[in-house]
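Just below is one structure, and these are the notes that go with it.
Nothing here was measured: the structure is a model prediction, and the numbers come from that model. FYI, side chains are in, hydrogens and waters are out, and symmetry mates aren't considered; it's all heavy atoms of this structure. Chain letters run A, B, ... following the sequence lines, proteins first, then strands; residues in each count from 1.
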2 protein chains.
Amino acid sequence: MLELIADKRDGRAHSPEELRFIARAAAAGSVPDYQLSAWLMAVCCRGMTRPETVELTRAMASSGRRLNLRALRAPKLDKHSTGGVGDGISLALAPLVAEAGLVVPMMSGRGLGHTGGTLDKLEAIRGLRVRLSPAEILPRLRSVGACMFGQTSSLAPADRKLYQLRDATATIQSPPLVVASILSKKLAEDLDALVLDVKVGSGAIFQDQRRAEELARELVGTARGLGLRCVALLTAMEQPLGRYVGNALEIRQAVEILQGDRRSADYLEVLLALGGWMVHLGGKAKSPRDGSRLLEGLIRSGRAYERLRRLVAAQGGDVRQLDDAGRLPRSRARLSVAAPRRGYLSRLDARLVGEAAVRLGAGRQTMEESLDYGAGLVLEKKVGDYVRRGETLATLYGADSARLKQGLERFAGAFSISARAPAARPVVLKTLA
Amino acid sequence: MLELIADKRDGRAHSPEELRFIARAAAAGSVPDYQLSAWLMAVCCRGMTRPETVELTRAMASSGRRLNLRALRAPKLDKHSTGGVGDGISLALAPLVAEAGLVVPMMSGRGLGHTGGTLDKLEAIRGLRVRLSPAEILPRLRSVGACMFGQTSSLAPADRKLYQLRDATATIQSPPLVVASILSKKLAEDLDALVLDVKVGSGAIFQDQRRAEELARELVGTARGLGLRCVALLTAMEQPLGRYVGNALEIRQAVEILQGDRRSADYLEVLLALGGWMVHLGGKAKSPRDGSRLLEGLIRSGRAYERLRRLVAAQGGDVRQLDDAGRLPRSRARLSVAAPRRGYLSRLDARLVGEAAVRLGAGRQTMEESLDYGAGLVLEKKVGDYVRRGETLATLYGADSARLKQGLERFAGAFSISARAPAARPVVLKTLA
């Protein structure tokens with residue numbers, strides 16, 4: 001290991017055998033943490049070549065068990081988002097795309113900092129289980145076509161170990177390490193194709209489109225090097241996606257969208273863009289656009305919502321909470337924020353709204369904190385909307401007035417109102433196909 | 001700590017407060033090893049500014065106790081060598097310079113790889129103790145003027161911790177870390193001045209004079225930033241220094257030199273050059289050259305050898321082993337290597353000779369191995385000497401014939417004999433004053 005650290009320190013490229021050694025050692029715990037972390041920092045400072053990233057990803061995917069989905073005949077696809085605020089798209093996307101005839105084994109994570117996590121949102125539904133073993137995942141994929149679960153110790157264990165160390169050693173952002181972490185988990189899912197949602201803006205990892213695009217290219221190129229069909233969409237994360245931020249609130253968002261509500265236009269646009277590509281890559285539509293149209297039909301017919309109910313039921317969740325939003329958790333205290341003057345909402349900063357949600361109790365600053373599933377924000381106005389003075393901009397939900405006060409402190413600085421309408425901005429910024 | 005790692009990863013400079021935090025955390029064990037090692041690798045990749053190196057050194061020196069030598073009126077000086085083969089100069093230098101009226105608190109290390117360590121050589125003398133507490137060091141400095149001891153857990157504990165991690169994470173060679181490690185220990189010794197012996201050549205850390213000079217400049221500049229008078233000599237380490245390589249053998253070398261033997265001309269030259277500077281910096285001679293002459297007189301008069309006897313006795317060593325070399329440990333098996341043809345010895349590779357000594361049992365590859373104090377080589381010929389065919393070049397000592405065979409394998413490739421005399425090369429290559 002010492003020689004491998006020295007090689008990377010001096011900017012040399014590792015061989016496939018060396019990368020397999022490192023991934024196996026990380027999974028088995030046979031190399032001490034201080035050596036792994038020195039190596040991670042050397043990678044962070046010196047980078048990796050494309051072939052190295054491909055081999056590291058492959059080695060990490062092979063470090064534990066892999067889902068074996070050969071028994072399922074339909075194409076297997078997944079989506080991965082780099083994380084944003086109000087980005088509960090997976091909740092609507094998995095059942096929607098499954099209804100189109102694809103299989104969606106969706107491994108998701110938890111929220112940390114100002115971005116939420118799909119697993120946390122799912123657990124806002126009473127009874128719903130996300131800790132599923134490979135033996136529990138397969139029958140659900142067979143019957144429902146989609147299953148949403150957390151990373152287990154058996155799938156890509158090298159990634160779990162390296163991710164923990166990266167988090168503790170300021171080596172999170174290194175592009176080859178980000179790419180290998182994301183793709184190793186997807187590779188362990190036995191996918192045919194993958195669609196990536198790389199967020200750009202104040203609420204995203206990258207505020208800068210150029211850096212987001214670099215990561216997207218690296219992800220797409222590495223995935224192809226691994227024989228995985230892959231497309232990346234760069235999408236806007238300047239303001240939160242949709243009308244809801246919070247765990248139970250984003251379940252409500254997904255329900256409303258699949259029930260045909262079209263008020264959350266930006267959410268719907270990203271949903272149909274990602275889903276359209278998945279349907280196209282899965283061979284169920286001639287083009288991504290055709291795929292999007294097919295999905296719109298599945299929403300209109302009510303079949304997509306019905307699939308969401310089946311998905312939730314198959315994982316033990318209480319479907320009455322979907323049918324009646326009043327049964328979902330909602331925090332006791334609430335506060336409406338009124339527009340201080342009339343005009344156009346010209347800014348609604350995603351990061352600050354996300355931080356407000358954390359302070360309201362919807363998120364966590366460290367992995368040890370517990371969540372208030374009923375906390376969050378309902379955004380009555382989005383950027384470009386006209387507001388009258390005193391009209392409600394947003395409603396904040398939290399356990400008590402102290403939480404509301406903390407949330408308001410952040411939200412108060414999150415918006416601007418101007419006399420002139422802001423220029424319309426696209427939601428899907430770029431497609432790397 | 002996470003922020004400090006990220007700062008260094010991005011090439012930012014640390015503040016003095018931040019460096020004090022890191023040094024204290026390393027000494028106290030309050031930051032996990034994997035974070036320290038990620039930081040060490042970031043330093044290795046991004047470097048440090050001179051003010052950062054100065055502050056890190058100061059912080060490491062302050063991380064534990066410091067010797068308090070104010071009660072001793074004479075100037076306190078020490079020498080540090082970057083390590084070579086046959087470089088047992090400290091053994092002769094400490095008593096010699098003490099005899100000139102200086103106080104020499106000499107903290108030394110153990111050998112690893114092809115270079116020897118002063119502590120190992122001292123322990124070849126029966127009974128001699130090098131694990132001394134500050135309370136044991138002070139009276140010996142008062143009575144003998146010199147004391148040779150190992151790094152204790154109380155002096156510069158941050159360095160002990162960081163050195164162990166550097167050794168295990170391929171971050172040994174980073175110039176600011178090397179400089180801080182060397183100088184923090186010297187600063188904790190409460191010195192007035194320091195003379196550095198930076199070796200250049202096959203047996204040294206640096207084979208290349210340019211890189212050795214860079215390190216020397218960094219050491220001298222940082223020492224001055226700390227208010228410590230400091231001079232560095234670049235000296236040759238192409239061939240071993242002197243006529244003996246091995247632990248007890250290098251004790252014999254020091255004894256012979258202080259008894260007035262002038263056969264080991266290169267050893268004597270380096271000894272007098274380093275000692276001359278120490279005497280000059282300590283205010284006992286107008287120039288380094290005057291200092292060297294003063295020391296030559298102390299050797300001729302026998303006073304220097306008498307001081308060595310007092311030093312050894314004060315640390316519990318058996319002085320009869322000094323007076324009678326036959327009492328020193330000597331390995332049972334021996335082998336003389338004869339010149340395969342006549343001519344001039346044109347090469348005697350220090351690294352290969354050092355590796356031969358390790359294989360004979362005089363050194364260790366890992367810190368866990370034990371030593372054979374009586375093993376090593378007696379070099380009958382040095383570079384430039386004329387040899388007849390069949391004349392002995394060197395005698396190898398080891399525990400058994402297996403050891404001799406291993407040592408011979410290395411030694412056989414260590415020398416060349418040519419028809420023409422090689423050009424004479426200087427021993428002291430450069431002085432950075």
Portion of B:D167 that has a non-hydrogen atom of chain A nearer than 4.5 angstrom: backbone
Side chain / backbone / both / neither for B:Q173 at chain A, heavy atoms under 4.5 Å: side chain
Side-chain donor or acceptor of A:R9 paired with backbone N/O of B:C45 under 3.5 Å: no
A:A170 to B:A6 - nearest heavy-atom pair and separation: CB-N, 3.6 Å
State whether the number of non-hydrogen atoms from other residues, nucleotides or ligands found under 6.0 Å of [X] atom [atom1] is greater than 12.
| X | atom1 | result |
| --- | --- | --- |
| B:R211 | CZ | no |
| B:E17 | CD | yes |
| B:R131 | CZ | no |

Part of A:L40 lying under 4.5 Å from any heavy atom of chain B: neither
Gap separating the SG atom of B:C44 from the CG atom of A:D10, nearest 0.5 angstrom: 8.0 Å
Gap separating the OH atom of B:Y34 from the OG1 atom of A:T169, nearest 0.5 angstrom: 8.5 Å
Beyond-backbone contact of A:I5 with B:M41, side-chain heavy atoms, under 4.5 angstrom: yes
